[in-house]
Amino acid sequence: VEQVKRLLVTIALEVDEVQREPAPEAFFASFGDSALNMSLFFWVEEYSRLFATTDKINSRIIQRFREHGIDIPFPIRTVHLQQP
């Protein structure tokens, strides 16, 4: 959890549109069914840049998680079919 929180903040700070003050913050928000839910908060100067900035950050998160061997889990369901 601490590694992910540090990585999220580092990634946010690499994106030029992210404000340095207030600094980005990452939190372990909750437990999910098959996940640990993390939240990253950051600020941009212009609201119109929020979605493009979020896209940049999210794309980097996926790349960095792969580089650091951090898996994003997804639920798996096994269905057994029986014939009458």
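For R60 against I11, the heavy-atom pair with the smallest separation is CB-CG2, 3.6 Å. Considering all non-hydrogen atoms of both residues, L40 and A12 come closest at CD2-CB, 4.2 Å. Contact detail for E25 and W43: the closest heavy-atom pair is OE1-CH2, 4.3 Å. The two residues V15 and R20 make their nearest non-hydrogen contact at O-NH1, 3.6 Å. The minimum heavy-atom distance linking F65 with V4 is given by the pair CZ-CG1, 3.8 Å. Shortest non-hydrogen contact noted between P24 and V18 is CG-CG1, 3.8 Å.
Atom CD in Q82 sits 9.0 Å away from atom NE2 in H80 (nearest 0.5 Å). Rounded to the nearest 0.5 angstrom, E45 CD and E17 CD are separated by 11.0 Å. Between atom CG of residue L50 and atom CG of residue D55 there is a gap of 11.0 Å, rounded to the nearest 0.5 Å.
More than 12 heavy atoms of other shown residues, nucleotides or ligands fall within 6.0 angstrom of atom CD in E67.
Side-chain N or O atoms of R64 include none that pairs as donor or acceptor with a backbone N or O of I62 at under 3.5 Å.
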Step by step, would you call V1 with M38 a side-chain contact (heavy atoms from CB on, under 4.5 Å)? CA-CA 9 Å; V1 170; M38 309 297 289; 4.1 Å; yes

Before you tell me yes or no, could you show the steps for E14 and K56 under salt bridge (Lys or Arg N to Asp or Glu O under 4.0 Å), namely the whole-Å CA-CA distance, both residues' side-chain angles and the distance that decides it to 0.1 Å? CA-CA 10 Å; E14 292 173 356; K56 285 181 186 179; over 6 Å; no

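In the hydrophobic cluster analysis, where Ile, Leu, Val, Met, Phe, Trp and Tyr join through side-chain heavy atoms closer than 4.5 angstrom, F27 is grouped apart from L7. Linking ILVMFWY residues whenever their side-chain heavy atoms come closer than 4.5 Å, directly or via other members, places L8 and L36 in the same cluster.
Contact check for T54 versus F42: side-chain heavy atoms found under the 4.5 Å cut-off.
Remark: E46 does not engage R49 in a salt bridge, criterion side-chain N to carboxylate O under 4.0 Å.
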